[in-house]
Every structure is written in C-alpha cells, then in structure tokens.
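To start, the structure itself, in structure tokens.
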Amino acid sequence: MAGSHQQGIKNAHFHSVGQSRSPLSPGEIAENLEEAELNERRPVRVRYAPSPTGFPHIGNIRTALFNWLFARHSGGKFILRIEDTDQERRVEGAVEAIMGSLRWLGLDWDEGPEVGGPYGPYFQSQRLSIYQEAAQRLVTEGKAYYCFCSPQRLQEMRDEQRRLGKPPGYDRHCRELSLEEQSFMDSQGIVPVVRFKMPLDGETRFHDNIWGDVTFENSTLDDFVLLKSDGYPTYHLANICDDHLMEVSHVMRAEEWLSSTPRHCLLYEALGWEHPEFAHLPMILGPDRSKLSKRHGATGLLEYKEMGYLPEALINFLALLGWSLDDRTELFDREALIKGFSLERIGKTGAIFNIEKLNWMNGAYIRQLTPADLADRALPYLEDARNGLSRPVGMKRPLDRDYLLKIIPLIQDRARTLGRTAQDEGLVQLAEFFFVDDLDYDPKLLLGKHLTAEQSRSYLGTAIKRLADLTDFGAATLEGLLRPLSAELGVKTGDFFGLLRTATTGRTAAPPLFQTMEVLGKERCFKRLKAATQKLAAVGP
RNA sequence: GGCGCAUUCGUCUAGCGGCCCAGGACACCUCCCUCUCAAGGAGGAGACCACCGGUUCGAAUCCGGUAUGCGCUACCA
C-alpha cells in the first residue's frame with residue numbers, strides 16, 4: 001500500500017503556488033495591492049469583531065477567514081476586536097473559545113487581545129469613555145438626543161404598530177423634548193438612552209464591494225439607540241467609533257448587516273468621519289436554507305476539531321463557501337488561498353453547508369499528509385477515542401506510536417476524519433481492531449455468503465496449521481502461502497480471504513488482508529484465528 | 001406589514017451578450033483495478049439557467065414585472 005499514498009498525492013491536484021510556507025514576497029503583495037486597491041491608497045486594515053455571547057460557529061469563522069485572507073493577500077493587518085458591549089448575554093469562556101478557534105485554524109491576528117497593538121485596548125468594554133464622548137458630542141451638536149421612554153412603552157408601541165400593520169420603529173416621542181421636560185425626567189430618576197436623530201427624508205446610498213450600489217430611503221430608518229442606559233454603547237455606535245479610530249479600511253461582515261449599513265453611513269457622516277469600504281459576505285445556510293443555527297446540528301467550530309477534521313481542510317472548505325478562484329480548482333493550500341483570494345470573486349448567494357463535501361475534502365487532506373504527520377495528529381484522537389459517536393474502545397494506553405506508524409499506510413486512504421463517523425469512516429474506527437485484545441463480532445460474519453460453518457471451521461483449521469510453521473510473517477510470504485492454499489482447498493479466494501479477514505479483524509471490510517496480518521503480527525493473528533474457530537462452534541453446523 | 005437583497009444540476013459553484021442546446025467539484029450510478037472496503041482510473045445520469053415580458057442580429061448574461069426565498073425591522077450583536 002506504500003504506492004497508494006504516492007498516488008494519492010499525485011492525483012489529488014492540490015493547487016499550490018509552489019513556494020515554501022513563507023508569506024508572499026513584497027513584490028507579490030505590491031502586485032496584489034495594485035489589482036485590488038486601485039482606488040484606495042490606504043493600507044489595508046481589516047478586523048474580525050465577534051461578540052463573546054457564545055462560541056464561534058462556522059459562519060462567524062468564515063467571516064474571520066475572509067478577513068484574514070484579505071489582509072494576508074494585500075499585506076495588510078488583521079485585527080481581532082472583542083465587541084463585549086452586551087453585559088446580559090456575555091458568556092463565560094467565549095473569548096477563549098474565539099481565540100482558540102482562530103489559533104486552531106492558524107488565523108493569526110496582528111493586533112488584538114494578547115498581542116496588543118497601537119490602537120488598543122481591543123475590548124470594547126475597556127473603551128466606554130470613547131463611545132460616551134462620541135454620543136455626548138452628537139447630543140451637543142443636535143445630532144442625537146436623550147430618550148426617556150420606558151421599555152414597556154416601547155413594547156406597547158411596537159405591539160400597536162404591529163396590530164395596525166404599520167412599519168415598526170421608534171416613534172420619536174422624545175426627539176423634541178424641551179430642556180424642562182428633560183430635567184423633569186432626570187429628577188424622576190429615569191436614566192435615558194441616547195438616540196440618533198435620523199434625517200426624516202432623503203436617501204442614503206453606499207457602495208458595497210460585493211453587492212454594488214445599495215440605496216435606502218431615510219424615512220424607513222428609525223432613531224436607533226446609540227448609548228444604552230447602562231452606559232454601554234450599542235453595536236452601531238461602538239462599531240463605528242472603533243472602525244474609525246482603528247483606521248479600519250474595509251468592513252467585511254455577514255450579509256445580515258447590510259440593512260444596518262445606511263445607519264452606519266449616516267453615523268459616520270454625523271461624526272464627521274469617512275466611512276470604510278464595505279463588503280457584506282453571503283451567509284452560510286442550513287439544509288433548509290435558513291440562517292445556520294444550532295438546530296442544524298454541529299455549528300460550533302471547535303466541534304469540528306473534536307470530530308477529527310483537519311484545520312487546513314476546514315479552511316479550504318470554508319473558503320469555497322462564497323468564494324471561488326475559477327471554474328475548477330477545489331483544493332488549495334494556504335498560500336494558494338492567500339494568493340488567489342479577492343473580493344471580486346465573492347458571490348452573493350447564501351451557501352448551504354454541505355457536510356458530505358467537507359468529508360471528502362477532509363479525506364483528501366488526510367491522504368496528502370505524510371504518514372508520520374498523520375500518526376501524530378491521530379494519536380490524540382485514539383488516546384481519547386470518545387468524540388461524537390463516543391463508546392470508548394478497549395485499548396491499552398498509552399498507544400505505541402511505532403505500531404501506529406505501521407498501521408497508518410493501511411488506513412490513510414480510507415479515513416475521512418480522525419475521529420469517528422456514522423459510516424465508520426473515521427480513523428479511530430478504522431484503526432480500532434489493531435489495538436483491542438478481544439474482537440467482538442457476530443460469528444455469522446465468518447461464513448460470508450457461500451460458506452457453511454463446517455467448511456469455515458475446516459478451512460480455518462488448515463490455515464492455522466500451515467501458518468504455524470511460518471517464521472516470516474511478511475505480507476508476501478503470507479500471500480505466497482495462502483493463495484495456493486485457497487486453490488488447494490478448492491475455495492474461491494474471495495470466500496477464503498473473507499473468512500480470514502473476519503477472523504483477524506472482526507469485520508468484513510478492512511485493509512488488504514496480508515498486510516493487515518503482517519502488521520497485526522503472528523501472535524495476535526493466531527490468537528484471533530483460534531478465537532474464530534471457537535466462535536464457529538457456537539454457530540452450529 | 002415595511003425596507004433591502006438574492007434566484008444556474010440534490011449541494012458548492014464557473015459563466016460578467018455570441019466560445020454554453022451551460023463547465024468543474026461533492027454525492028449518486030456503471031465499468032476497470034481487486035481478497036473485502038477504500039483510494040485511483042474511465043464513463044454516465046443530473047440544470048427547460050425561478051417565471052413572464054422587453055432590449056438585441058443574438059441573452060444564463062442587459063432592462064421591467066411576477067413568484068419564491070433569505071436578511072433586517074431590540075436599551076442583541
């Protein structure tokens with residue numbers, strides 16, 4: 001099977017730029033910049049700005065990936081900023097999960113938590129005064145106002161609007177409050193929020209690098225909240241302030257933000273700032289075409305690590321969800337992805353996350369690994385063989401790496417994940433029988449399609465006898481003995497080898513028999529062959 | 001309901017007026033290889049390019065409408 005691995009590499013057609021792992025050369029970056037940034041002289045600075053309200057899922061991470069690819073492609077900076085402005089929904093451990101996810105995929109950030117940077121801090125909760133000052137300034141300039149409406153009033157207002165079939169939105173009740181009215185409310189102890197004073201007419205138009213020109217009537221936009229009563233900013237305010245202060249050049253985020261972009265444009269304008277370029281990424285959908293969520297099954301990125309997907313395979317797969325290089329390239333190494341990535345080739349339609357294709361791709365990546373690398377990556381999964389489908393296997397630990405190294409060539413072409421899969425195509429499942437002491441299988445499997453229990457018993461007995469004299473238990477020797485024996489016994493090789501396969505591996509589908517027996521070793525094979533004859537006794541005639 | 005956006009094989013997609021009675025990939029089927037299962041190789045099936053009009057010598061590609069879908073419509077991001 002040594003040749004099979006070579007073949008795997010040869011036929012996988014991995015698209016590579018044919019250079020080492022080093023980043024792009026300055027010349028290449030300049031070239032990329034020229035093609036992508038004709039109108040823009042600003043250095044590229046992009047950011048991934050998740051909120052720690054949960055663990056990052058496939059969709060979030062795809063956004064991170066696109067930002068990272070764009071930054072690396074253009075020699076710009078990739079910033080990680082934590083948007084922790086919602087105190088209520090904050091989830092413990094989320095920040096760690098975010099960083100862990102990025103690190104697992106190798107998406108390194110140039111500025112952000114743990115690495116710092118000249119535009120910090122990178123946690124919005126540590127930048128509150130910035131937002132408060134901005135809100136204050138807008139109020140002073142008459143571009144925003146205090147709103148004292150209670151949550152109850154707002155809720156009733158919305159219910160009423162819904163009942164009347166009118167477009168929902170704040171009714172601007174507090175927009176023109178007099179100073180007296182305001183101080184009265186203050187004296188009542190009501191803490192106001194700050195709302196943006198939306199232009200009542202006109203339209204807001206902006207250019208999106210993916211969607212083209214988009215226009216909104218200002219009259220359809222309401223006076224949204226900038227600063228909450230707890231002193232924290234809303235996403236809109238914080239996002240705008242930080243993107244401006246951190247000199248973000250391109251805002252790349254999910255499509256669901258497209259509708260709030262006019263608000264952001266207006267806010268930039270009110271603050272006297274120029275807005276960055278926008279690029280709204282198409283969404284990742286569940287099989288029912290709705291926004292991917294927990295009810296679609298595994299969505300957390302780290303779950304994919306648990307299941308035994310390779311980070312490079314996941315990156316490749318995710319990159320192809322919404323982006324393509326051309327009409328045929330499917331497999332990219334990291335450098336090829338960086339080199340080929342461009343905003344121009346991002347599509348607009350939501351993409352369904354198709355796990356089948358991921359499985360294929362992961363298999364392709366597994367095949368392309370060196371056996372030693374695969375062994376090292378597989379070891380943790382074998383040691384802790386619980387992932388997903390669970391059921392601990394009866395292996396003695398710690399595992400013998402040298403033994404594993406001999407097994408790898410036999411299962412490398414067959415594995416689709418490093419863990420377990422529902423179709424038994426996970427590496428753990430494929431390797432399992434090499435490690436356990438006692439095989440547990442249905443004795444009937446020994447009979448195959450054409451043999452009786454009696455025949456099986458007899459063939460097995462003969463095989464054991466002949467095998468006993470063997471000093472060399474190599475695959476070639478085994479074949480040299482067993483193939484003629486099959487003829488001698490007058491059994492089809494398919495039936496005979498099938499019998500031996502089940503006896504030695506406990507399954508009907510396994511790697512090639514002779515190599516498998518060689519790796520298993522004489523002692524283990526004998527034990528299993530004898531156990532099989534025992535089992536046969538239980539089947540009857 | 002309002003606003004915005006989208007619509008090419010089951011799925012991911014190529015296509016930016018003639019090269020397309022639409023190309024690639026996954027999945028599926030057949031065959032080859034073969035001790036089983038994979039991997040690999042060779043084929044196949046699968047899309048009236050959502051629909052209806054228009055522009056044009058010519059449209060999947062441009063324009064309009066319809067339908068459907070999705071997103072947003074919070075003191076959430």
Side-chain angles (χ1 to χ4, degrees), chain A residues 1 4-5 7-8 10-11 49-51 53-54 83-86 88-89 147 149 151 154-155 158 161-162 164-170 191-195 211 214-217 219-222 224-230 232 234-236 238-239 254-262 280 282-283 285 287 289-291 317 320-331 347-361 363 367 411-416 424-425 430 448 479 482-483 486 492-498 500-502 505 507-514:
Chain A
M1 272 282 108
S4 161
H5 177 68
Q7 201 176 27
K10 194 182 71 196
N11 293 315
S51 73
T53 52
E83 308 221 327
D84 53 349
T85 56
D86 187 340
E88 313 237 312
R89 296 200 308 153
C147 167
C149 292
L154 294 173
Q155 189 54 50
R158 273 191 291 268
Q161 285 165 339
R162 204 183 318 272
L164 264 41
K166 291 174 119 177
Y170 181 57
V191 185
V193 300
V194 176
R195 281 183 187 275
W211 304 78
V214 185
T215 310
F216 285 81
E217 297 279 337
S219 60
T220 64
L221 274 18
D222 75 345
F224 62 98
V225 173
L226 295 172
L227 205 62
K228 304 181 241 184
S229 53
D230 63 0
Y232 278 73
T234 58
Y235 167 84
H236 305 297
N239 194 262
E255 183 200 332
E256 58 200 276
W257 293 106
L258 193 64
S259 324
S260 20
T261 305
H280 287 88
M283 307 221 296
L285 278 20
R289 295 216 142 266
S290 69
K291 194 164 148 181
F317 181 71
L320 256 16
L321 248 34
W323 173 86
S324 64
L325 176 71
D326 53 31
D327 63 342
R328 53 194 65 251
T329 319
E330 302 277 343
L331 268 13
K348 294 197 229 284
T349 55
I352 292 177
F353 185 90
N354 181 201
I355 192 86
E356 283 294 322
K357 187 157 180 174
L358 206 212
N359 287 339
W360 161 76
M361 194 173 277
R367 265 170 255 138
I411 59 177
Q412 184 157 17
D413 283 354
R414 297 168 171 78
R416 284 163 103 79
D424 286 349
E425 292 165 324
L430 296 172
E479 181 159 14
L482 294 170
R483 202 174 280 282
S486 183
K492 283 193 174 139
T493 51
D495 294 326
F496 186 49
F497 296 166
L500 295 174
R501 169 174 300 106
T502 306
T505 69
R507 45 189 85 186
T508 52
L513 181 63
F514 312 117

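Just so it is clear: chains get the letters A, B, ... in the order the sequence lines come, proteins before strands, and each one is counted from 1.
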Using the side chain to side chain contact (heavy atoms under 4.5 Å, CB included) criterion, which residues pair with A:R328? Sequence neighbours excluded.
A:D326
Could you tell me whether A:I352 contacts a base, only the sugar-phosphate backbone, or nothing, with contacts defined as non-hydrogen atoms closer than 4.0 Å?
sugar-phosphate
Hey, does A:A351 reach any base, or is it just sugar-phosphate, or nothing, if we go heavy atoms under 4.0 Å?
sugar-phosphate
Under 6.0 Å between ring centres: does that hold for A:W257 and A:Y235?
yes
Applying side chain to side chain contact (heavy atoms under 4.5 Å, CB included) to A:V214 and not counting sequence neighbours gives A:F206, A:W211, A:F216
Does B:G40 have its OP1 or OP2 closer than 4.0 Å to a side-chain nitrogen or oxygen of A:R367?
yes
Could you tell me which residues satisfy side chain to side chain contact (heavy atoms under 4.5 Å, CB included) with A:T53, sequence neighbours excluded, listed by chain and number?
A:S51, A:R89
Need one value for A:G448: base, sugar-phosphate or nothing, where a base atom within 4.0 Å counts as base even if backbone is also close, heavy atoms only.
nothing
Given atom CG of A:L285 and atom P of B:C5, what is their separation to the nearest angstrom?
18 Å
Specify the separation, in whole Å, of atom CZ of A:R414 and atom C1' of B:A38.
5 Å
What does the B/S/- profile of nucleotides 72-77 of chain B look like, 5' to 3', with a 4.0 Å heavy-atom cutoff to protein?
SBSBBB
Determine the interatomic distance between P on B:A59 and the same-named atom on B:C12; round to the nearest Å.
28 Å
Check: A:L320 main-chain N/O paired with A:S324 side-chain donor or acceptor under 3.5 Å:
no
N-O pairing of A:R414 and A:E425 below 4.0 Å
no
Would you mind pulling out the nucleotide paired to B:C51, Watson-Crick or G-U wobble, both distances under 3.5 Å?
B:G65
With a cut-off of less than 4.0 Å, is there a side-chain N or O of A:R162 near OP1 or OP2 of B:G1?
no
Please state whether the phosphate of B:A27, meaning OP1 or OP2, lies under 4.0 angstrom from any side-chain nitrogen or oxygen of A:R416.
yes
Could you go over nucleotides 20-24 of chain B and give all protein N or O partners under 3.5 Å, atom names and distances?
| residue | atom | partner | partner atom | Å |
| --- | --- | --- | --- | --- |
| B:G23 | O2' | A:R328 | NH2 | 3.2 |
| B:G23 | N2 | A:D327 | O | 3.2 |
| B:G24 | N2 | A:E330 | OE2 | 3.3 |

Hey, does A:P262 reach any base, or is it just sugar-phosphate, or nothing, if we go heavy atoms under 4.0 Å?
nothing
Return all side-chain donor-acceptor pairs below 3.5 angstrom for residues 351-359 of chain A, not counting sequence neighbours, or 'none' if the list is empty.
| residue | atom | partner | partner atom | Å |
| --- | --- | --- | --- | --- |
| A:K357 | NZ | A:E330 | OE1 | 3.1 |
| A:N359 | OD1 | A:Y309 | OH | 2.5 |
| A:N359 | ND2 | A:I355 | O | 3.4 |

Pairing nucleotide - B:C16, Watson-Crick or G-U, each distance under 3.5 Å
none
